[in-house]
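Hydrogens, waters and symmetry mates play no part in the numbers below; they use all other heavy atoms, side chains included.
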Amino acid sequence: MNKIKTILMGTPEFAEKIFRKSYPVLQNNFEITHIITAQDKPIGRKQILIPSPVKQFAQEKNIPILQPDKIRKQEWIEKLKQLNPELIILCAYGQIIPKEILDIPKYGALNIHPSLLPKYRGASPIHQAILNGDESTGITLMLMDEQMDHGNIISQKEYKIKNNITYKELENELTDIALNLLIESLPNWIKNQKSIEQNHEKATFCKMIKKQDGQIDWNNTAEQIHRKIRAYHVWPIAYTVFKNKQLKILEAETKKENTNNQSGTVLNDLNIQTKDNILIIKKLQLEGKKPMISKEFLNGYPDIVNYVFE
RNA sequence: CGCGGGGUGGAGCAGUAGUAGCUCGCCUGGCUCAUAACCAGGAGGUCGUGGGUGCAAUUCCCACCCCCGCAA
């Protein structure tokens, strides 16, 4: 049996990890002919062009790379038709794929989505699961259609979320879930192509995260704030404002105690009063400064005590 | 040249034209059943690098290196 001509599409580290781990297994039955990823972006203060993690992986493996500016352009659609893949596997690519492309592969265009669809369709399902304090989330392997994360489900795998998990940790855990799901599901899919329609009435959505979303509202509960700190730990990072400077909160704990001080009041040792309980800041970073643990911070900024964050 | 903050004893910060101080840590002694607590004493810095102007610079000026935030 000939190997199935397959194109991988993806951009960030999450996709890169899944592709990298599954590549050795996929190679047995699938020929990865091309990898499609986002264009190189200028990164950092020097605005140096950096290839996406997925591109770096492709370069390592000498897999031909395509980086469409807009994949919905006719020239790219033609290009894909010409390549004529039998299967597309996509994960966090970053662009909407036009129907003409989805229709090309005879085994379909599959999407690896890090949530239990129809829950959390959209751009930030991993963050959302933490923000909402969900007990579990998972990975869905699905067949793409014209609407975002709307197509039929091929398979799903649930993951119990550990207490106090951070974004990075959850992403990591889900990488393995995704890897296993993909490898387990693909043979059956190729064989019988069974999928089931989503319950569209139960669909929920999560938006693209903006920098502004990281600002802490001290009138939330300590638990809510703690979730935000963990969910946004990689980006955009939960922050508050101290003397007109951005103060990133990198790590914290909660403590059941209410001092009846105004929300946002800094008590001793960077214990902050929230709507209900106390949030203890363990690690933070002031704008222009390096990250430091709260004890170090207090050595240099003792006047933060009794300050009230907005 | 994208915008901005900063480089001072081990850590975090303050400060000044006449070679520096705070908090924490560290060492010694004391107190204590004991302690991360308290008391007393002590050791740590040529104040990022190279120039310039001063009688004199860590403090002013110039160049460079490095760190960090924003933006992407």
If pairing requires Watson-Crick or G-U wobble contacts with both distances under 3.5 Å, which nucleotide is the partner of [N]?
N: B:rC33; answer: none
N: B:rU59; answer: none
N: B:rG41; answer: B:rC27
N: B:rG54; answer: none
N: B:rG2; answer: B:rC70

[atom1]-based separation of [M] from [N] [nearest Å]:
N: B:rG4; M: B:rG42; atom1: P; result: 46 Å
N: B:rG7; M: B:rC64; atom1: C1'; result: 14 Å
N: B:rC22; M: B:rG15; atom1: C1'; result: 10 Å
N: B:rA11; M: B:rU53; atom1: C1'; result: 36 Å
N: B:rA56; M: B:rG69; atom1: P; result: 41 Å
N: B:rG48; M: B:rA20; atom1: P; result: 15 Å
N: B:rG10; M: B:rA43; atom1: P; result: 16 Å
N: B:rU32; M: B:rA17; atom1: P; result: 49 Å

Which whole-number value in Å describes the distance from [X] [atom1] to [N] [atom2]?
X: A:Y301; N: B:rG6; atom1: OH; atom2: P; result: 10 Å
X: A:Q212; N: B:rC70; atom1: CD; atom2: C1'; result: 14 Å
X: A:M292; N: B:rU23; atom1: CE; atom2: C1'; result: 13 Å
X: A:K289; N: B:rC67; atom1: NZ; atom2: P; result: 15 Å
X: A:K245; N: B:rG4; atom1: NZ; atom2: C1'; result: 10 Å
X: A:F297; N: B:rG69; atom1: CZ; atom2: P; result: 15 Å
X: A:L250; N: B:rC68; atom1: CG; atom2: P; result: 13 Å
X: A:Y239; N: B:rC68; atom1: OH; atom2: C1'; result: 18 Å

- Using modelled atom types only, decide if a donor and an acceptor are shared between the side chain of A:S22 and the backbone of A:L179 within a distance under 3.5 Å. no
- Message: Quick check against the 3.5 Å criterion: does A:Y23 have a side-chain atom that pairs as donor or acceptor with the backbone of A:I18?
- Response: no
Between [options], spot the one nearest the side chain of [X], thanks.
X: A:E287; options: B:rA11, B:rG69, B:rC68; answer: B:rG69
X: A:K211; options: B:rC24, B:rC67, B:rA71; answer: B:rA71
X: A:K295; options: B:rC24, B:rC67, B:rA71; answer: B:rC24

- Of A:T274, A:T265, A:T240, which is the lone residue that meets side chain to side chain donor-acceptor pair (under 3.5 Å) with A:W218? A:T240
- Task: Answer with base, sugar-phosphate or nothing: what part of the nucleic acid does A:P42 contact at a heavy-atom distance below 4.0 Å?
- Result: base
Does a donor on one side chain and an acceptor on the other come within less than 3.5 Å for [X] and [Y]?
X: A:D149; Y: A:N111; result: yes
X: A:K55; Y: A:Q67; result: yes
X: A:Q273; Y: A:T259; result: yes

- Message: I want to check one thing: is the phosphate of B:rC68, taken as OP1 and OP2, less than 4.0 Å away from some side-chain N or O of A:Q285?
- Response: no
- Flag the pair A:D217 and A:K275 as a salt bridge only when some basic side-chain nitrogen lies within less than 4.0 angstrom of an acidic carboxylate oxygen. no
- Query: Does B:rG44 fall in syn (glycosidic angle within 90° of 0) or anti?
  - Reply: syn
- Task: For B:rG54, measure the glycosidic angle (O4'-C1'-N9-C4 for a purine, O4'-C1'-N1-C2 for a pyrimidine) and name it syn if it falls within 90° of 0, otherwise anti.
- Result: syn
